[in-house]
Structures are given as C-alpha cells and as structure tokens.
There are 4 protein chains.
Amino acid sequence: MSGTRSRRMPTQARSKATVEVILQASAQVLKREGWARLSTNRVAKVAGVSVGSLYQYFPNKEALLVALVRGHAERQLSTLSEHLIGLQDAPLEQLVPTTVRALLAAHRVDPELHRVVAGEIPPMDALAEIRSVQDHFAALLSMELKRRRHEIREVDIELAVFVLISTVEAITHGAVLRHEQFLDDRLIEETSLLVLRYLER
Amino acid sequence: MSGTRSRRMPTQARSKATVEVILQASAQVLKREGWARLSTNRVAKVAGVSVGSLYQYFPNKEALLVALVRGHAERQLSTLSEHLIGLQDAPLEQLVPTTVRALLAAHRVDPELHRVVAGEIPPMDALAEIRSVQDHFAALLSMELKRRRHEIREVDIELAVFVLISTVEAITHGAVLRHEQFLDDRLIEETSLLVLRYLER
Amino acid sequence: MSGTRSRRMPTQARSKATVEVILQASAQVLKREGWARLSTNRVAKVAGVSVGSLYQYFPNKEALLVALVRGHAERQLSTLSEHLIGLQDAPLEQLVPTTVRALLAAHRVDPELHRVVAGEIPPMDALAEIRSVQDHFAALLSMELKRRRHEIREVDIELAVFVLISTVEAITHGAVLRHEQFLDDRLIEETSLLVLRYLER
Amino acid sequence: MSGTRSRRMPTQARSKATVEVILQASAQVLKREGWARLSTNRVAKVAGVSVGSLYQYFPNKEALLVALVRGHAERQLSTLSEHLIGLQDAPLEQLVPTTVRALLAAHRVDPELHRVVAGEIPPMDALAEIRSVQDHFAALLSMELKRRRHEIREVDIELAVFVLISTVEAITHGAVLRHEQFLDDRLIEETSLLVLRYLER
DNA sequence: TATGAATGAGTCTTCATTCAT
DNA sequence: TATGAATGAAGACTCATTCAT
C-alpha cells in the first residue's frame, strides 16, 4: 500500500511542485512588473515550465491572481489569528494595541504583494470572494463593539466600524508600504490612542 | 502684430480644443472601461480625431493619463482651497470639521475618475510628481500643527501628520467610493471627533 | 473639388486594394489548404500585409469567409440571371434546359471555392444569410411551378421543389467538381429529361 | 491452450473495450462539438482513459475519424444490404422504391454523425478509401442497369448512373438532414417516380 | 497640421503529441 | 500497458506607434 502510494507520490509531488513554481513566478512577476505586465507566457518562462503546463493548472490568467490573493489572504488571516488568541476578555486598553500590532503584522506578511494587489488590480469578479475577508473582520469588530457597548461612548456601531477600519487599515498600510520610518512602537501607541480616545466616553 | 496674432489665435484655439476633446474622451474611456482597456486608437475615435492628431499633442499613452491626473489634482486642490479660505485663526473645533468637509468635497470632484486613478493605475514614474499634492497637503498640515502646538498635546508632529492624513484620506475615500450610505453630517462629526480627541491634551 | 477628390482617392484606393488583396489571399489559402488551415496570420502573410491591417477591415476570421462567400454568391446569382433573362414565357421544354445550363454555369464561377464552401464549412451563424440564396431560388421555382400548374402533373409543389432543387444541384455540383467527364451537352439533355419527365402529366 | 487463451482473452477484451469506449467518446464529441473542437485530450477525458492510452490504439487524431467513418460506412452498407436482399429479379417498379427506401434507411443510421462527417471534414487522404463505398454502389447500379437494358430506354449507362446516384443521394441526404417534413412515403413515391420516368422508354 | 492606413510584437489560449514513471 | 504531466508551436486578436499623403 505504501508502495502504491510511493509510486504515485512522485506524480502528485511533481504536480504540486509545478503549481508551486508557477505561483512563485507569478508573485515574482507581479511584484516586479505589476499586473499589467504579467503575462502567462512570461510567468511560464520565469517558472521554467511551458505555457501548456501553466494552463493545465490555471484555467486563465485571472486564476493566477486569484490563487495568489487567496494564499495571501489566508496567510494574513492566520497571522491575525495568532496575534489575537485569548483576548476576548482583555480590557480595551490592551485589546486595541494588540489588534493594531496584529494588523501591522498581517500587512507585513508580504508587503510587496500586498502593494500590487491592493493597488492596481482592476475590479474583477473572481476577487469578490476575497474581499469578504475584510467584511469578515468588520463583522467581528462590530460584534466586539456591541459586546463592549458599556465600555464605550454611545455611537452608531456601523459608522464607527467603518471609521475605525478605514483608519487603522490606512495607517498600517501606509506605514508598511510607504513610510517605514514610522514603523515602531510609537506608531502603535499613537494609533491605539487614536482609537481609544475615539471610543471612550 | 494683431494680424499675426489673429492669424494664429484660431490655430491655437483649435489646438486647445483638440487637446480638450482628447482629454475628455480619455476620461470617458478610462471611467467606462478602465486603464487596461484604454487605447490610443479608441480614445482618438471617441474624441473624433485621428490617432495622428492625438500623437501630435501627447507623445504616448502615459501622457494622456498624466494630463488627466494633473488636471484632476488641480481641480481637487482648488476645491480644497475654496473650502479652507480664511480659517487660519479659527479654533481647532472649527478648523477640523471644515477640513474634513473640504476633503470630502475634493473627493467628490470626479469620483469615477478618482476611483480608477486611485485604484488600477500601475506604478508610473510620470505620476510621481502628482503625489506631491499629498505631500503638499502634509506640509501644510505639519505647519499648522506646529503653529497650534500649544492647543494640542505633545506629539511627534511628523508622526501625527502621517496618522491624521492616512486616517482622513481613508475615511473620505471609502465613504465616497464604497460606502455612500455614510456620506452625511454624522460622518463629518465622527471624523472630526476622531481627529480632535486624538489631538487634544 | 476634383482636387480634393484626387487627394483623397489614393487613400480610399489603398484601402480598397488592401481589402482586395486580403480577400484574394483568403480565397487562395481556402482553396489550397481548406478552412481548417486558414489562419488570419497566414492570410496576412500571403496577402503581403500585416495582421493588423487584416483586422482593420475584417473583425474576425469568420468575416473573411463571409465576405468571400457573399462575393461568390453574388457572382453566381448574376451568372444565373444573365442566363435566365427573358424566359418567363418560354415553354418548359426550353426553360428547363436553359435553367440547367444556367446552374452549370453558376457552378463553374469558381468551382474550387465552391467545393470548399459547400463542403467543409462548419455551421456558422454568419453564413445563415447566404443560405437564403438557395431559399430565394426555391421560392422562384415554386412560383414558376404554380404559374405553370396546367402544364404539369398534379403534385405537391413544395415537395416537387425540394426534389428538383436537390436533384439539379447535386448533378451540377457533382459534374463540375468530381466528374468533369460528364460535363457536356448530353448531361444537360439527360438532366432536362429527368426534370421534364418528372413534371409532365 | 485454453490457459494461454484465457490469460490473453481478458487483455484482448479489455483492449477492445477501450477502443470501443474511445470511439464512442469520439463520436459523442464529434456530434456535439464538431470536428474543429474535437481534441484527443477531450476525447480521452470523455472516454475515461488517458491520452496515452488513446495514442496506444490510434496513432493520431485522423485515425479516430477514419475508424469512426469506417464503422459508420459499414453500418450503412449492412443496412443497405438488408433492405436489398432477394430483389434481383423484382420488376423495376418494385426495385426502385425499395432502393430509395433502403437509402433513406442508410441515411438514418446515425444522421448526426453523418451530418458532421458529410459536412465539415476537411479533405483527408485517409478518408479516400471510404469513398469507395459510393463507388461500390455505383458499380452495382451500373451492372443492374446493364442487366435490365431491355427494360429501360437507350442511354449512356455511366451517365445515367451518375445522374441517378447524385439525384437519389441528394434527396435522401437533404430529407434526413435538413427537411424532415418531407420524410414520408410521398417522398419515396416522388423519388421513385423521378427515377422510373427517367429510365422508362 | 491632420489623417488614417499600416505595422508587428506581444497577449491569451488550445491541442496534438511525447515520455518518464 | 496505462497514466497524465509536460511540451511548444500555432492561432485569434489587440494596440502603441509611425509615416506617407
């Protein structure tokens, strides 16, 4: 049985390796040249496989992007999760900085890729599902604010969620991608202050 | 002299009109089809001129975008200026909401164009100069915060400027382009509250 | 005025010449290699123009075929017309052979092209209109048979039209394309005999 | 011996089954998608075998078509034969309608396949042998007419054979594939009338 | 200056065929 | 023998740019 498996493994391994090498090449081209310059032939060449192989695993050019973005989103999410474990009952004064830190970490997962993905991808149906990640985070935040309603001032939760998410996302995004000079604990303190003061009674 | 001039004027006027019609066609195509689908031939056709004429006024495709973005930035800036006249000595409590309002107005100058320009333009050297608009605004804010140093808490000005600009830009951008349901006075109040609480001692 | 025209003529003439050369190349490739081997790049190369030029005049590969077929159908129809002028009141014994002769002539307009077009073109919406030529001829025949109802035996006109058109088309087609040895007056006589005997009381 | 055989039989049987499943898949794809969209990979997938297996039994794409067409021709021929048994001495008035009926039956063996094969297959050397079926039938008809020389008018037999075969083939083909509304006994009567009148003294 | 015909490299994608396992 | 991953030439089509008129 292990014999069969070991006989088949190489095949599966080869496929997996090919997919992997294609994705890496895609990421590389995407980061270095941008979405507009990413072509399937180019990716294949960089990956060292034939275009045919690429199309064996990805039905079209968009699929490359989708796979890349999905992978990135997953890695971001797990980074986020790791940072946020066991904080449900922490006071806001601890929860907020930790969350900011977590978002910064998530942004640092692959900043180059994030820059391209966040910056120059035309609206694409295939990516719609990905955006749900943000919506998911928004929903979580909404629930959390409702749970802690007594800790904060009276406010339209939906509006506050929009304000806070826009805010923190912009700050972390900007710091990681354009202003690394601000990337230190002071940024976290300032951002946390911004959020805490905004929420407090 | 007036002879020469009158002989030339029509020509210059015609040139200007041609440039204008090309830019409008570019904007139209850009908004409707996106940067990827914008082609010089299509723009020329929509503009009702020949490709040749287009290339007479714009050396290449990028030049169209640059002109468009420059024009848009100028219109945004003047909108901003109009809203901010005579506020030098206003108290923060008045200055901040007005500024937020001004930024929202600037974002509404041509949201469709802004969406495309902000969202799916590949990094382009030619557009670097445009970013100076933001830098310009940052510098202004920086000066203003220094002037009002006594009104606010002690803080690293550069860092605060980064935080505030990221924040307000993200909120206005998001509200205009993705969350129109928040586009009302409450948004301005919340945003102002965010900023004022962040700055106060 | 003629000056303007003569200045513009060259341009129009160039376009026309390009279209013509493309169509000729298409016909050549189609006859020599068949529809399956006809590619736009190949046609362009044979025509001595760039693919781009081809696409300036023909929106896609099918359009080449449509233009070719349309032209061929027109040439066939005018050949047919020439042969059938002034026969409205001729007796059947004269009308039938003349029509057979006319159909043979029509089939000889460009037999090679006809072979390909009639033989190996997959069903294509764009060609549907062309098939109306046959329907047109069927309608004419139908009318004629009704007009001459008294000269022929009682018969379901629609059925007879189907039988006759299938028949004569097959004979002329086969004679021109596969059995040139039969291409003489005896074929016309035999075919006419077939038709006349079929119709007579 | 039975040992060897029983050891081999399964293998041979499996081969046969594989060939069969491939051919059926080919036919299916051919009918549903046309010759242009028939690809060896697709056929293999539909057949549930690997491309490699396909190439084990068919050296190239054409071979699929050849096998398919050959099988179809054989089925058509046997249909024809079944209908024509024991008619050698029947009078023309009986022989002709029966033959027409037989040809119609042959055309109905697999009209979908016939439509594709007759309609959109590029000229292919490998299919030349198949055309011999028609030639075979022509030879039979030729002999028959010679045998019955006294029953019919004087005529160039070869010419008459060409006329008759073209005619009846076109009618049956057209009726089955494009004009089912004519597919009834009246069609057989009319066609027989056409033939009989053509041949009678 | 304006025109628009022409160019051709480059893009996405398909598919017959091979070959290592 | 079977498998299916891999190959890469070829095809349809686009578009920035040039240049003769």
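In what follows, chains carry the letters A, B, and so on, assigned in the order in which the sequence lines appear, proteins first and then strands, with residues in each chain numbered from 1.
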- Item | More than 12 heavy atoms of other groups within 6.0 Å of C/K45 NZ |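 No, NZ of C/K45 has 12 or fewer neighbouring heavy atoms, counting only those of other groups under 6.0 Å.
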- Message: Return the pairing partner of E/dG10 with a 3.5 Å limit on both distances, Watson-Crick or G-U wobble; otherwise return none.
- Response: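 Pairing partner: F/dC13.
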- Message: Could you identify the nucleotide paired to E/dA20, looking across every strand shown and requiring Watson-Crick or G-U wobble geometry with both distances under 3.5 Å?
- Response: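 Partner of E/dA20: F/dT3.
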Please classify the nucleic acid contact of [X] as base, sugar-phosphate, or nothing, using heavy-atom distances under 4.0 Å.
X     : value
D/L38 : sugar-phosphate
D/S39 : sugar-phosphate
C/V49 : sugar-phosphate
B/T18 : nothing
C/Y57 : sugar-phosphate

- Message: Just so I know, are the side chains of C/V117 and C/H72 near enough to count as touching, which here means a heavy-atom distance under 4.5 Å?
- Response: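 Side chain of C/V117 against side chain of C/H72, heavy atoms only: no contact under 4.5 Å found.
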- Item | Test item: C/F58 and C/L23 side chains (from C-beta on) under 4.5 Å apart, heavy atoms |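 Answer yes - side chains close enough.
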- Is any side-chain N or O of A/S50 closer than 4.0 Å to OP1 or OP2 of F/dT7?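 Yes, within the criterion.
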- Message: Measuring to OP1 and OP2 of F/dA12, would you say a side-chain N or O of C/T40 lies under 4.0 angstrom away?
- Response: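 Yes.
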Distance check needed: [N] [atom2] versus [X] [atom1], whole Å only.
X     : N      : atom1 : atom2 : answer
C/R42 : F/dA9  : CZ    : C1'   : 14 Å
B/L64 : F/dA16 : CG    : P     : 9 Å
B/Y55 : E/dA5  : OH    : C1'   : 15 Å
A/E62 : E/dT11 : CD    : P     : 17 Å
A/I22 : E/dT13 : CD1   : P     : 14 Å
D/F58 : F/dT1  : CZ    : C1'   : 16 Å
C/L65 : F/dA12 : CG    : C1'   : 15 Å
B/K16 : E/dT1  : NZ    : C1'   : 19 Å

- Say whether, by atom type as modelled, one donor and one acceptor occur between the side chain of B/K61 and the main chain of B/L38 under 3.5 angstrom.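 Indeed, once roles are kept as given, a pair shorter than 3.5 Å links the two residues.
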- Item | Earlier contact from the 5' end, DNA chain E, for A/N60 and B/G48 |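 First, find each residue's nearest nucleotide; the 5'-ward one identifies B/G48.
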- Query: In terms of the nearest nucleotide of DNA chain E, which residue is placed more toward the 5' end: D/G52 or B/L54?
  - Reply: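 Comparing both residues, the 5'-ward one is B/L54.
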Candidate nucleotides [options], ranked by approach to the side chain of [X] - the nearest:
X     : options               : value
C/S53 : E/dT7, F/dA2, E/dT3   : E/dT7
C/Q56 : E/dA6, E/dA2, E/dA16  : E/dA6
A/V51 : F/dG4, F/dA12, F/dG8  : F/dG8
C/S15 : E/dA5, E/dT13, F/dC13 : E/dA5

- Message: When you compare the side chains of D/S50 and D/S53, does any donor N or O come within less than 3.5 Å of an acceptor on the partner?
- Response: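 Distance-only check passes for D/S50 and D/S53.
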- Item | Closest non-hydrogen atom pair between D/R115 and D/L177, with its separation |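 Nearest heavy atoms, D/R115 then D/L177: NH2-O, 2.5 Å.
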- Distance-only donor-acceptor test, B/N41 side-chain atoms vs F/dA16 base atoms, 3.5 Å: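 Donor-acceptor pair under 3.5 Å: yes.
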